[in-house]
Amino acid sequence: MEEVESREWYLAAYAAEGVPTSDHLKLRTVTLSLSPDSIPEQHVILEILFISVEPYLRSRITGREDGLYSPQFNLDEFVARRIDPNNGIPLPEYISSIGVPGFAAWVGIELLADPKPGSNVFISAAAGAVGMCAGQLAKLRGCRVIGSTGSDEKVRLIKEEFGYDDAFNYHTETNFDAALSKYFPNGIDVYLDNVGGEMLEAALNHVNKHAKVPLCGMISGYNKVWTEREGVRNLLNLIGKEVNMQGFMVGSYVHRFGDFATEMESHLKQGKIGYSKLKIFHGIETFLESLGSLFTSSNVGKVVIQVK
Ligand code: NAP
């Protein structure tokens with residue numbers, strides 16, 4: 001019987017607040033049997049090459065049900081998508097621009113915002129996995145696209161490599177209302193919100209009549225219990241401006257995943273969308289560090305673990 005040693009992270013304790021630490025997530029070594037009779041009927045053994053590290057993982061280890069947006073993982077649920085490894089697209093793209101983040105960008109921009117050429121589009125966390133794709137999709141639609149992100153290096157990246165018309169560093173331009181007045185003299189037609197809190201509030205002061213605000217994520221609140229998060233005090237703007245603000249989960253659009261993947265593969269092959277900027281951590285043991293990096297501005301690009 002062939003046995004192999006495998007390492008896995010397990011949840012030792014819930015982390016109600018703050019960035020999870022080694023008190024909450026622990027690495028252990030387990031022995032796996034690879035003999036054919038140890039594999040149940042209609043099951044396969046997969047070797048993990050890359051792991052996508054995503055903000056939603058944080059919300060599944062809080063031990064609370066207080067309005068965080070992701071439900072707990074269901075037991076025994078598994079999705080495996082077959083891809084052609086020889087089609088010229090690097091494998092990590094299948095967990096970035098052709099994976100959940102790219103799909104979230106596509107649902108938010110293509111399906112929900114559906115912007116017209118010339119629309120003024122604002123995207124927060126613009127240098128992240130969703131933001132990189134969303135900005136490029138909006139540019140393909142002929143929009144004027146502005147992003148906010150957490151460092152000057154990322155501001156440069158999204159302008160030079162991902163086609164953003166302009167961008168600002170929210171750590172240095174800390175008066176968001178003033179920044180949005182400067183970057184959106186004609187108001188905001190679409191705001192793809194990835195961060196929530198103060199930035200969402202500021203954006204709602206600049207929306208145009210019939211603006212669309214797809215709510216993709218609110219990462220500024222993920223490490224806080226809901227009573228500690230910044231509130232949005234100006235929802236009245238939604239009424240007077242007749243704004244359509246809509247939360248969404250990619251899981252509700254799986255019936256469109258095939259359309260998305262075909263379109264995105266074509267964009268990548270034609271160079272209409274650039275390959276993702278990746279922040280690659282090496283080895284499964286880096287999971288905790290890589291997860292924590294999502295909550296600082298230290299990571300540039302899509303966070304991925306290369307397992308071997
Ligand atoms: P990401 O942007 O690659 O990484 C997270 C980024 O968020 C960080 O790099 C950081 O960048 C920024 N950030 C962290 N803390 C922040 C804070 N307090 N205030 C403002 N920005 C902060 O992550 P992603 O995978 O692309 O996800 C982006 C958003 O989309 C997340 O909110 C995620 O939950 C959401 N999402 C939703 C769906 C869905 O189905 N609805 C699917 C996928 C992702 P900077 O600070 O440097 O800008």
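From a predicted model like this one, the values you see are computed outputs, not experimental measurements. Numbering of ligands and ligand atoms starts at 1, following listing order.
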Exercise for the section: Assess whether side-chain contact (heavy atoms from CB on, under 4.5 Å) is satisfied between Leu32 and Glu3, documenting all intermediate values. Expected result: CA-CA 5 Å; Leu32 290 181; Glu3 290 193 333; over 6 Å; no
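- Contacts with ligand 1 closer than 4.0 Å are made by heavy atoms of both the backbone and the side chain of Thr149.
- Salt-bridge formation is not detected for the pair Lys212/Asp114: no Lys NZ or Arg NE/NH1/NH2 atom is positioned less than 4.0 Å from an Asp or Glu carboxylate oxygen.
- Looking at Glu17 and Tyr222, their side chains never bring a donor and an acceptor atom within 3.5 Å of each other.
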Pair up each side-chain donor or acceptor in residues 299-307 with any protein partner under 3.5 Å, not counting sequence neighbours, and list the distances.
| from | atom 1 | to | atom 2 | distance (Å) |
| --- | --- | --- | --- | --- |
| Lys302 | NZ | Ser52 | OG | 2.8 |
| Lys302 | NZ | Val53 | O | 3.3 |

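- Side chain of Ser59 to main chain of Tyr56: a donor-acceptor pair is present (N/O by atom type, distance under 3.5 Å, no hydrogens or angles).
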Scan the side chains in residues 238-252 for donor-acceptor partners under 3.5 Å anywhere in the protein, sequence neighbours excluded, and list what turns up.
| from | atom 1 | to | atom 2 | distance (Å) |
| --- | --- | --- | --- | --- |
| Lys241 | NZ | Val207 | O | 3.0 |
| Glu242 | OE2 | Lys209 | NZ | 3.0 |

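- With a 4.0 Å cut-off on non-hydrogen atoms, Thr296 touches ligand 1 through its backbone and not its side chain.
- Side-chain atoms of Glu289 and Ser293 include no donor-acceptor pair closer than 3.5 Å.
- One option in Asn223, Ile219, Asn299, Val303 has a heavy atom closer to atom 7 (O) of ligand 1 than any other, and that option is Ile219.
- Of all atoms in ligand 1, numbered sequentially from 1 with element shown, those under 4.0 Å from a heavy atom of Val195 are 20 (C), 21 (N).
- Put simply, the side chain of Asn175 gets close to the backbone of Ala178: a donor and an acceptor are under 3.5 Å apart.
- Residue Phe103 places every heavy atom at 4.0 Å or more from ligand 1.
- Taking 4.5 Å as the limit, every side-chain heavy atom of Arg141 sits out of range of all side-chain heavy atoms of Pro117.
- Within the set Phe295, Tyr170, Tyr56, Phe248, the minimum heavy-atom distance to atom 46 (O) of ligand 1 is found for Tyr170.
- If you number the atoms of ligand 1 from 1 as listed, the ones under 4.0 Å from a heavy atom of Val130 come out as 24 (P), 26 (O), 27 (O), 28 (C), 30 (O), 44 (C).
- The N/O atoms of Glu54, backbone and side chain alike, include none that comes under 3.5 Å of an N/O atom in ligand 1.
- Each of the following atoms of ligand 1 lies closer than 4.0 Å to a heavy atom of Gly217: 32 (O), 35 (C).
- Atoms of ligand 1 lying under 4.0 Å from at least one heavy atom of Cys216, given by number and element, are 30 (O), 35 (C), 36 (N), 37 (C), 38 (C), 39 (C), 41 (N).
- Listed by number with element, the atoms of ligand 1 under 4.0 Å from a non-hydrogen atom of Met218 are 32 (O).
- Of all atoms in ligand 1, listed by their number and element, those nearer than 4.0 Å to a heavy atom of Ser220 are 17 (C), 18 (N), 19 (N).
- Ligand 1 has no N or O atom lying under 3.5 Å from any N or O atom of Pro55, backbone or side chain.
- Annotation: cation-pi pair Arg144/Phe184 present, NZ/CZ under 6.0 Å from the ring centroid and within 45° of its normal.
- Checked against a 3.5 angstrom limit, the closest N/O atoms of Lys302 and ligand 1 fall outside it.
- Near Ser297, with a cut-off below 4.0 Å to any heavy atom, the atoms of ligand 1 are 45 (P), 46 (O), 47 (O).
- By the 3.5 Å distance cut-off applied to N or O atoms, Ala126 is not counted among the residues near ligand 1.
- Between atom 11 (O) of ligand 1 and the options Lys154, Lys279, Met199, the minimum heavy-atom separation is to Lys154.
- Taken together through direct or relayed side-chain contacts under 4.5 Å among Ile, Leu, Val, Met, Phe, Trp and Tyr, Tyr170 and Met218 form part of one hydrophobic cluster.
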